[in-house]
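One structure is given below, encoded as structure tokens.
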Amino acid sequence: MKERIVSFCWQHLWLLVSLFVMTVGVAVCVRSMLGSSVISVLPYVFESAGKRAMVPALTIGQYTYVMNFLLVAGQIAVLRRKFEWVQLFQLVVGFLFGTLIDVNMQLTSWLVPAALWQQVLAQAAGCTILGVGIALEVRCGSITMPGEGFPVAISRVTGIDFPKVKIAVDILLVALGAAACYFFFGAWQWHIIGIGTLFAMIFVGAVVRFASRRLGWFDRLLAYRPGFRRYIYGLARFIYGRKPSE
């Protein structure tokens, strides 16, 4: 039981790290002003509308909570009795994801690319970081993100391959974001859904595939089992500058 608890905590510690990396990528894409990544299109639209008092004034991360809740509800509606209730843990992961988006939006507040080449560089960097974070998150083998869980549910029910369903869901999210732009602002918002969004839809998947083949070091890290005792010894060495007597 102790080993299982340690293993669970270790695995989810690295899941948290993976979510942090992902949300750095999301924040940098938003800061590029060329278009956000797919997962943040709708939250970004509603956050912008909130600044004009058209909807509740929530942050991108907080609207991400709402979207993730709806995606989990969609899974329950699609799977019905086949829904595994342990998958409700996606709500916790989605909450952490949204919280970390807001954290990283604050941490990247200094990033204000003005020239086009700076915006392109920021978008490419954001998509690369996001792709690496997704590869790490998938490798953790824990509960999936709601953004992946919903396409998985549809794939299970319809028998359509997951990649095809994932692409269709991503296109739907972008289309809903575009419709929301016209509903709230009466015009396309290129800084929310722009060329960078299309670039992210293609490039992030390529980064995930590339990075996934080079994560042997991360697998070894996940397989490592930390022990409380060795930390005590390590702390003692640090404090006393010598190996403690055993």
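Along the sequence shown, residues are numbered consecutively beginning with 1.
The nearest pair of heavy atoms linking Val45 to Ala180 is CG1-CB, 3.6 Å. Contact between Ile134 and Met22 at its shortest, heavy atoms only, is N-CG, 3.5 Å. Ile129 approaches Val21 most closely through the heavy-atom pair CG2-O, 3.2 Å. Contact record, Phe203 with Ala124: CE2-O, 4.1 Å, taken as the closest heavy-atom pair. The minimum heavy-atom distance between Ala211 and Leu215, with the atom names listed, is O-CG, 3.1 Å. Nearest heavy-atom pair, Pro56 versus Tyr63, reported as atom, atom and distance to 0.1 Å: O-OH, 2.5 Å.
Screening residues 105-153 for ring-ring contact (aromatic ring centres under 6.0 Å, His included), with sequence neighbours left out, gives no hits. Screening residues 128-141 for side-chain hydrogen bond (donor to acceptor under 3.5 Å, both in side chains), with sequence neighbours left out, gives Arg139-Asp219. Residue pairs meeting the side-chain hydrogen bond (donor to acceptor under 3.5 Å, both in side chains) criterion with at least one partner in residues 199-210, sequence neighbours excluded, do not occur; the list is empty. Within the structure, ring-ring contact (aromatic ring centres under 6.0 Å, His included) pairs that include any residue of residues 24-45 comprise Tyr44-His191 (at least two apart or interchain).
Side chain to side chain, Gln90 and Gln75 meet the donor-acceptor criterion of an N or O pair below 3.5 Å.
Connection of Leu176 to Trp190 is established within a shared hydrophobic cluster, with ILVMFWY side chains joined at heavy-atom distances below 4.5 Å, either directly or through further cluster members. Cluster annotation: Val152 and Val165 are assigned to distinct hydrophobic clusters (Ile/Leu/Val/Met/Phe/Trp/Tyr, side-chain heavy-atom contacts under 4.5 Å, transitive). Met54 and Tyr182 fall within the same hydrophobic cluster, defined by Ile, Leu, Val, Met, Phe, Trp and Tyr side-chain heavy atoms under 4.5 Å apart, directly or through other members. With hydrophobic clusters built from ILVMFWY side chains whose heavy atoms lie under 4.5 angstrom apart, Leu198 does not share a cluster with Val204. Hydrophobic clustering, with ILVMFWY side chains joined whenever heavy atoms are under 4.5 angstrom apart, groups Ile60 together with Leu70.
With hydrogens and angles ignored, the 3.5 Å screen pairs a side-chain donor or acceptor of Gln118 with a backbone N or O of Ala115. With Gln106 contributing its side chain and Val103 its backbone, the two residues share no donor-acceptor pair below 3.5 Å. In this structure, the side chain of Gln189 engages the main chain of Ala187 through a donor-acceptor pair within 3.5 Å. With hydrogens and angles disregarded, a donor-acceptor distance shorter than 3.5 Å links the side chain of Ser18 to the backbone of Trp14.
Cation-pi check for Arg214 over Phe210 is met; the charged atom lies under 6.0 angstrom from the ring centroid and within 45 degrees of its normal.
Here Met145 contributes atom CE and Leu19 contributes atom CG; the two are 6.0 Å apart, rounded to the nearest 0.5 Å. Taken from CG in Leu107 to OG1 in Thr23, the straight-line distance is 9.0 Å, to the nearest 0.5 Å. A distance of 14.0 Å separates CD1 in Ile167 from CG in Leu172, rounded to the nearest 0.5 Å. Residue Thr64 holds its OG1 atom at 7.5 Å from CG of Asp102, rounded to the nearest 0.5 Å. Atoms CH2 and CD1, on Trp188 and Ile193 in that order, are 5.5 Å from each other to the nearest 0.5 Å. From Lys164, atom NZ reaches atom CD1 of Ile154 across 15.0 Å, with rounding to the nearest 0.5 Å.
Residues Lys82 and Val157 are not in side-chain contact: their nearest non-hydrogen atoms beyond the backbone lie 4.5 Å or more apart. Counting heavy atoms from C-beta on, the side chains of Ile101 and Phe97 come closer than 4.5 Å.
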Full working for side-chain contact (heavy atoms from CB on, under 4.5 Å) between Val174 and Met201: CA-CA 10 Å; Val174 172; Met201 292 176 70; 4.2 Å; yes
Verdict with supporting geometry, Ser48 and Phe184, side-chain contact (heavy atoms from CB on, under 4.5 Å): CA-CA 9 Å; Ser48 299; Phe184 290 123; over 6 Å; no
Audit row: Glu148, Val138, side-chain contact (heavy atoms from CB on, under 4.5 Å) steps and yes/no: CA-CA 10 Å; Glu148 279 72 51; Val138 171; over 6 Å; no
From CA spacing to verdict: side-chain contact (heavy atoms from CB on, under 4.5 Å), Val17, Leu136: CA-CA 9 Å; Val17 172; Leu136 295 176; 5.7 Å; no
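Listed by chain and residue number, Trp10 satisfy the side chain to side chain contact (heavy atoms under 4.5 Å, CB included) test with Leu13 (two or more places apart in sequence, or in another chain). The side chain to side chain donor-acceptor pair (under 3.5 Å) check on Asn68 picks up nothing, with sequence neighbours excluded. The side chain to side chain contact (heavy atoms under 4.5 Å, CB included) search around Ala125 returns none, not counting sequence neighbours. Residues passing the salt bridge (charged side-chain N to carboxylate O under 4.0 Å, His left out) test with Asp170, sequence neighbours excluded: Lys166. With sequence neighbours left out, the side chain to side chain contact (heavy atoms under 4.5 Å, CB included) criterion links Leu88 to Val72, Ile76, Phe83, Trp85, Leu91.
The hydrophobic cluster containing Phe95, built from Ile/Leu/Val/Met/Phe/Trp/Tyr side-chain heavy atoms closer than 4.5 Å, also comprises Tyr65. Chaining together hydrophobic side chains whose heavy atoms lie under 4.5 Å apart leaves Val112 on its own.
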N/O donor-acceptor pairs under 3.5 Å from side chains in residues 27-43, not counting sequence neighbours:
unit_1 : atom_1 : unit_2 : atom_2 : d
Arg31  : NE     : Thr108 : O      : 3.3
Arg31  : NE     : Thr108 : OG1    : 3.3
Arg31  : NH2    : Met105 : O      : 2.4
Ser32  : OG     : Cys29  : O      : 2.7
Ser32  : OG     : Leu34  : N      : 3.2
Ser32  : OG     : Gln123 : OE1    : 2.6
Ser36  : OG     : Ile192 : O      : 3.3
Ser37  : OG     : Ser40  : OG     : 3.3
Ser40  : OG     : Ser37  : O      : 3.1

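Other residues, nucleotides and ligands place more than 12 heavy atoms under 6.0 Å from the CZ atom of Phe185.
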